[in-house]
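Read the structure below first, then the notes.
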Amino acid sequence: MLESETQRFAFRNAIARLIETCKNTTELKQIHAQIIASPKLAKRDHEFLISRLLYFSAISIPRFLSYAISVFQRIQSPDLGIYNIMIRAYATKRERDCDTLSCPALKLFKQMLSNGIAPDSLTIPFLVKECTRRFDVGSGRCLHGLGIKSGHCGDIFVQNSLTSFYSTCGWVDSARNLFDEMCDRDVVSWNSMITGYLKGGNLDEALRLFRSMKNKNAISWNSIITGFVHGCRTKDAFDLFREMLCLSEDDNNMVKPDKITIATVLSACAHVGAFDQGKWVHSFLTRTGMECDMVIGTALVDMYGKCGYLRQALDVFEEMPEKDTLAWTAMISVLALHGHCKKAFEAFEKMEAEGVKPNHITFVGLLSACAHSGSVERGRQCFELMTKAYLIEPQVHHYACMVDILSRAGLLQEAEKLVRGMPLKPDVFVWGALLGGCQIHGDVKLGERAAKCLIDLEPLNHAFYVNLCDIYAKAGRFEDVKRVRALMKEKEIRKEVAGCSLIEVDGTVHEFSVTGSAEIVTKQIAWILNALNGEIKLKDDMNWVQYYILEIQ
DNA sequence: GATTAACACA
């Protein structure tokens, strides 16, 4: 008896291991049939194996989900564990594969409740995560209530998922209340709360919390660095990265920069043009033997390209063993940025030939290549290709590119027709492209119309008034210039965000802006000029350094 | 049977 029990157990475990090796649904089906037909298995083994099968097909290999669903539908009375697997599977599924209108995870949960099965402290975090992803504040709050009623809100996973939910959905105060009420907080609780402040733009409170944290992990560092990059405090982000690096040199410190840190820092370098810093990160990768995967490869292409180094971007790209849509898109966008329209399209053809599907951003890259090179016909063909062959619904920025192409080429009437006829509400980029065209080609009437729409959209944006003034000035209509200037004064329109520049010297990024005190600005500029001195050969008639020195004194 | 937090292309 005991021996047969042992044999049965071994047989069961062998099948369980076999499930993990399945490569396709045919193999899954064969094992499934064996489970159903085998006389050696007891009822509880059968249940165990079906749940293993379900777990493997629903969670481990997401593309087997449809098979998991068919298995699930055949289970007569699923228990809590089975429901948890399916709810989790739906909740972790990517948006694009998902039914966006209904929420299958919540539907299943309702079905579970109506079958008299109560959730546990695992069910709730899965569902809350789904609400977070969907920004579904209503359902998330209901789940919070349900958690309180069912006595699961003392569970740290439930609390953390709710903190993250409120943080991500912009309810930072609710997140903070929850956070403050928690008896025990772990690193996830702190990270979720910090992310909430970062997403809400309260960077200083995020930093304060970060500083008061005892056990930071790589995610804490990555979150704060990313938050500062997104909040345009690049210099602080670089300083934090350096601090992280210094700490990681200490062998007792387990926190080391990982791929996500690197990807974030590279994108920050790309954003501000910090080439030395970016190059240093690249050498850091080589030195530490960190694998240059697709994400980092893409970030490097983007960084070199945006910093003006096309050759290096191409080198990195060519060395990438695998290239996905994002990698190709980054390369195409970089070629476009450098004005190589033809090469951008050649890259696109290669991408198609390799069977990588373009997405809507790839077409933004291609269309901007056309805009930069004045290729009107090519732009039109590209738009057609996107909509007719790839069935990509054009978004506002595709229209903005098309309007840009047409208006730069002086086809202003056609551009306006496109704007008026587009199925989406034109945004500031669309009208802005038209206004830009009017500026180039001196079309006052259309410029006035475009400027009016822009001012309706963003009444306090100074740029549109300035552009309009420029059009009037070009046409010699100085009375109108005065009128617009007076209007700006009356409405108290000023440049909202002070102009700010970053300059890199010896690998350190220095930030200076016009809002600083005169003394600081002067000091900074004098310092920068000093740094530039010797690097630039001054021409007699263009002694701009001298000019600036005179200006600031 | 299993849990929550961070990243790249416009």
Tell me the ring pair (Phe, Tyr, Trp, His ring centres under 6.0 Å) pairs involving residues 162-187 of chain A, sequence neighbours left out?
->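 The answer is His144(A)-Tyr166(A), Phe179(A)-Trp190(A).
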
Please identify each residue that fulfils side-chain hydrogen bond (donor to acceptor under 3.5 Å, both in side chains) with Glu205(A), with sequence neighbours left out.
->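 For Glu205(A), the residues satisfying side-chain hydrogen bond (donor to acceptor under 3.5 Å, both in side chains) (neighbours in sequence not counted) are Arg176(A), Arg208(A).
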
Would you jot down, in residue-number order, the residues of [range] having a non-hydrogen atom under 4.0 Å from DNA chain B?
{"range": "residues 313-337 of chain A", "result": "Leu326(A), Thr329(A), Ser333(A)"}
{"range": "residues 167-187 of chain A", "result": "none"}
{"range": "residues 190-200 of chain A", "result": "Asn191(A), Ser192(A), Lys199(A)"}

Those residues that, when tested against [X], pass ring pair (Phe, Tyr, Trp, His ring centres under 6.0 Å) (two or more places apart):
{"X": "Phe126(A)", "answer": "none"}
{"X": "Tyr399(A)", "answer": "Phe383(A)"}
{"X": "Phe284(A)", "answer": "Trp280(A)"}

Considering every strand and a 4.0 Å limit on heavy-atom distances, what is the contact class for [X]: base, sugar-phosphate, or nothing?
{"X": "Ser189(A)", "answer": "nothing"}
{"X": "Lys259(A)", "answer": "nothing"}
{"X": "Asp293(A)", "answer": "nothing"}
{"X": "Lys216(A)", "answer": "nothing"}
{"X": "Phe363(A)", "answer": "nothing"}
{"X": "Asp302(A)", "answer": "sugar-phosphate"}
{"X": "Asp258(A)", "answer": "base"}
{"X": "His230(A)", "answer": "sugar-phosphate"}

Any side-chain donor near an acceptor of the partner, Thr261(A) and Asp258(A), under 3.5 Å |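 Result is yes, a qualifying pair exists.
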
Side-chain H-bond candidate by donor/acceptor type, Asn217(A) with Ser220(A), under 3.5 Å |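 On atom types as modelled, these side chains qualify, holding a pair under 3.5 Å.
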
Donor-acceptor list for residues 67-74 of chain A side chains, cut-off 3.5 Å, not counting sequence neighbours:
{"residue": "Tyr67(A)", "atom": "OH", "partner": "His32(A)", "partner atom": "ND1", "Å": "3.0"}
{"residue": "Ser70(A)", "atom": "OG", "partner": "Tyr67(A)", "partner atom": "O", "Å": "2.7"}
{"residue": "Arg74(A)", "atom": "NH1", "partner": "Ser70(A)", "partner atom": "O", "Å": "2.9"}

Taking any atom under 4.0 angstrom from a heavy atom of chain A, which nucleotides of DNA chain B are the first and last to qualify, 5' to 3'?
->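 The protein-touched segment is dG1(B) to dA10(B).
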
Under the ring-ring contact (aromatic ring centres under 6.0 Å, His included) rule, what do Phe348(A) and Trp328(A) come out as? Steps first, then yes or no, please.
-> CA-CA 8 Å; Phe348(A) 177 65; Trp328(A) 279 103; 9.4 Å; no

What pairs with Val255(A) under side chain to side chain contact (heavy atoms under 4.5 Å, CB included), at least two apart in sequence or on another chain?
->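 Here the qualifying residues are Ala218(A), Trp221(A), Met244(A), Asn253(A).
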
Enter the distance from Leu326(A):CG to Thr362(A):OG1 here, rounded to the nearest 0.5 Å.
->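 Result: 8.0 Å between the selected atoms.
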
Listed once per pair and sorted, the side-chain hydrogen bond (donor to acceptor under 3.5 Å, both in side chains) pairs that draw on residues 9-20 of chain A, sequence neighbours left out =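 Non-adjacent pairs meeting side-chain hydrogen bond (donor to acceptor under 3.5 Å, both in side chains): Glu20(A)-Arg52(A).
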
Angle class for the Phe275(A)/Tyr309(A) ring planes (parallel below 30°, perpendicular above 60°, tilted otherwise)?
->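 The rings of Phe275(A) and Tyr309(A) lie parallel, inter-plane angle below 30°.
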
